[in-house]
2 protein chains.
Amino acid sequence: MASVSKENYLKIIFYLKQHDVKPVSTSEIANELEISNAATSEMAKKLSESGLISYKKYKGIDLTPKGKKVALGVIRKHRLWELFLANVLGLSWAEVHDEAEKLEHISSEKLIDKIDEFLGFPEFDPHGDPIPKKNGKLPKLTGLVKLSEGKVGGIYNVIKVNDLDNELMNYLTRIGVKLYKQIEIVEKLIFDKSIIVKIDNHNINLSEKIANSIYITQLKNAELN
Amino acid sequence: MASVSKENYLKIIFYLKQHDVKPVSTSEIANELEISNAATSEMAKKLSESGLISYKKYKGIDLTPKGKKVALGVIRKHRLWELFLANVLGLSWAEVHDEAEKLEHISSEKLIDKIDEFLGFPEFDPHGDPIPKKNGKLPKLTGLVKLSEGKVGGIYNVIKVNDLDNELMNYLTRIGVKLYKQIEIVEKLIFDKSIIVKIDNHNINLSEKIANSIYITQLKNAELN
DNA sequence: TTTTTATCTTAGGCTTGCTTAAATTAATTA
DNA sequence: TAATTAATTTAAGCAAGCCTAAGATAAAAA
Ligand SMILES: [Mn+2]
Ligand SMILES: [Mn+2]
Ligand SMILES: [Mn+2]
Ligand SMILES: [Mn+2]
């Protein structure tokens, strides 16, 4: 079994690979994990020797099928724990990520499958991210765009939220943003790329950074009236 | 916060201290943790510098109040997790110890308190061990003796079982031994110190080692009739 | 194409927690 | 009490994962 560090490297590589076709560079990983490039280069050598990534010096990194399997296993644990902590034990969606970041590395396959079963084999975690199935399949999220990319006048559903910052999560809770909530885009300011949205009949201004952390789908016209 | 290693040292010192008044020797700890005496001596120095134990070279170790608090915190986490895994997620009492051995080091105070609340502030774990309260108080177990110390003809209740060996737990399950189960001592063999007990109207022979792993209380005469 | 700059890797070093072997102290036996 | 044995600590070294600084390679600019 891979160490905590190695599992975290593999997980990050998987994330970085999702939006890009090119191999992942060591510095991108270093950035994400907040460690030095040097440490990442060393680790790349080791993960490559274990057959978890393919790595050519100066040419970047890709997960091998074996490495991808490990990464998906860790992500599965992470997201199932998050949902369990939120739905069963009543932690807020702001709190679950940090706990899950540790739990993902220590819980056995068997325990995770019990949790999966207990929750009724759910598809999405408390932030809207898809939960990998036991067989490695990842439920699809289609038609997602960032709130910042929505159109003025459009009415949308919140489908997914960036779960990496506690303060953001707490703020979103405070202003009424949660999964599947309806949001209307009232106005977009060119000046600072902030965006004014209507939530629960209140207007509120969201910064560009916040609007980039919220993912939405447009309601079909039929659903609107 | 103490590292995983340090928490394990403190926990073991606490256990070793329970049955003995003398300071705990480094070799006892080394034995229990299955590491070298040398490693334990080194760690003693460090824990002493952090004020978690009192330690004089060659003279053994005691927990300071601060160290005892940490130890009890870890034990609380361990036992609450065990009960949660058994009662909520349906793992067997043979499986929960190993999972809890890892979970005890990573779960936040807040998470543990949620689990405590979810379980209704229980007093005992799946093996009959008392669960330390949030304030550090440990529920009392009185009148416990080892099954090996019971009297022929006596009828007892199983109150606590040694949780350190999976195989033992599974065997006990197979022969019907569980907490609060009634057991009668039918015969004791001098030859190998084994003991014949009646469980569910079956007679079965238990080795000395097994009989030393089961703790019982005598039923009051009034309860016997 | 050559030079400069940016990116990436290697070298050397540190900490934690472990090991074995040697040295020291305490306990036991004579 | 002195000698022997047992228990404990110190010394030296190793692996994992990190760091900073220096060197090598690739990409961009001239
Ligand atoms: Mn998360
Ligand atoms: Mn992690
Ligand atoms: Mn246990
Ligand atoms: Mn432990």
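The figures that follow rest on heavy atoms only: side chains count, while hydrogens, waters and symmetry mates do not. Chain A is the first sequence line, chain B the second, and so forth, proteins listed ahead of strands; every chain is numbered from 1.
Judged purely by distance below 3.5 Å, without hydrogens or angles, the side chains of B:S25 and B:S27 pair a donor atom with an acceptor atom. Side-chain contact of B:S108 with A:E99: a donor-acceptor pair under 3.5 Å is present, judged by distance alone.
Contact annotation: B:S27 does not reach the phosphate of D:dA7 (side-chain N/O to OP1 or OP2, under 4.0 Å). Under 4.0 angstrom from either OP1 or OP2 of D:dC19 there lies at least one side-chain N or O belonging to A:S36. OP1 and OP2 of C:dT16 both lie 4.0 Å or more from every side-chain N or O belonging to B:S3. In this model, the phosphate group of D:dC18 is approached by a side-chain N or O of A:S5 to a distance below 4.0 Å at OP1 or OP2. One finds no side-chain N or O of A:S25 lying less than 4.0 angstrom from the OP1 or OP2 phosphate oxygen of C:dT7. In this structure, A:T26 reaches the C:dT9 phosphate: one of its side-chain N or O atoms is under 4.0 Å from OP1 or OP2. When the side-chain nitrogen and oxygen atoms of B:Y58 are compared with OP1 and OP2 of D:dA6, none of them lie within a distance under 4.0 Å.
Ion pair A:E101/A:K11 flagged as a salt bridge, since at least one NZ, NE, NH1 or NH2 atom sits closer than 4.0 Å to an Asp/Glu carboxylate oxygen. A:R76 has a carboxylate O that lies under 4.0 Å from a charged side-chain N of A:D113, or vice versa, which qualifies the two as a salt bridge.
Distance A:I29 CD1 to C:dT7 P: 16 Å, rounded to the nearest Å. Here C:dT7 presents its P atom at 15 Å from NZ of A:K59, a figure rounded to the nearest Å. For A:K56 and D:dA26, the NZ to C1' distance is 17 Å, given to the nearest whole Å. Between the NZ atom of B:K22 and the C1' atom of D:dT8 there is a distance of 16 Å, given to the nearest Å. Atom pair B:I61:CD1 and D:dT8:P shows a separation of 10 Å (rounding to whole Å applied). Atom CE of A:M43 is separated from atom C1' of C:dT10 by 17 Å (rounded to the nearest Å). When rounded to the nearest whole Å, the span between CD1 of A:I35 and C1' of C:dT15 equals 16 Å. Note: NZ (A:K6) to C1' (D:dA16) measures 8 Å, nearest angstrom.
Ring pair A:F84/A:F118 is perpendicular by interplanar angle, where above 60° counts as perpendicular and below 30° as parallel.
Annotation: side chain of A:L172 is in contact with side chain of A:I210 (closest heavy-atom distance under 4.5 Å). Contact annotation: the side chain of A:K68 approaches that of A:F14 to within less than 4.5 Å [non-hydrogen atoms, C-beta and beyond]. Within the 4.5 Å cutoff, the side chain of B:V161 has heavy atoms near those of the B:W93 side chain.
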So which protein N/O to nucleotides 10-13 of chain D N/O distances come out below 3.5 Å?
{"from": "D:dT10", "atom 1": "OP1", "to": "B:K57", "atom 2": "NZ", "distance (Å)": "2.7"}
{"from": "D:dT10", "atom 1": "OP2", "to": "B:K45", "atom 2": "NZ", "distance (Å)": "3.2"}

Using a cutoff of under 3.5 Å, can you pull out all pairs of nitrogen or oxygen atoms linking the protein to nucleotides 2-5 of chain C, with atom names and distances?
none

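Among B:K140, B:K137, B:R79, B:K133, the single residue meeting the salt bridge (Lys or Arg N to Asp or Glu O under 4.0 Å) criterion with B:E123 is B:K133.
From B:S54, atom OG reaches atom CD1 of B:I61 across 8.5 Å, with rounding to the nearest 0.5 Å.
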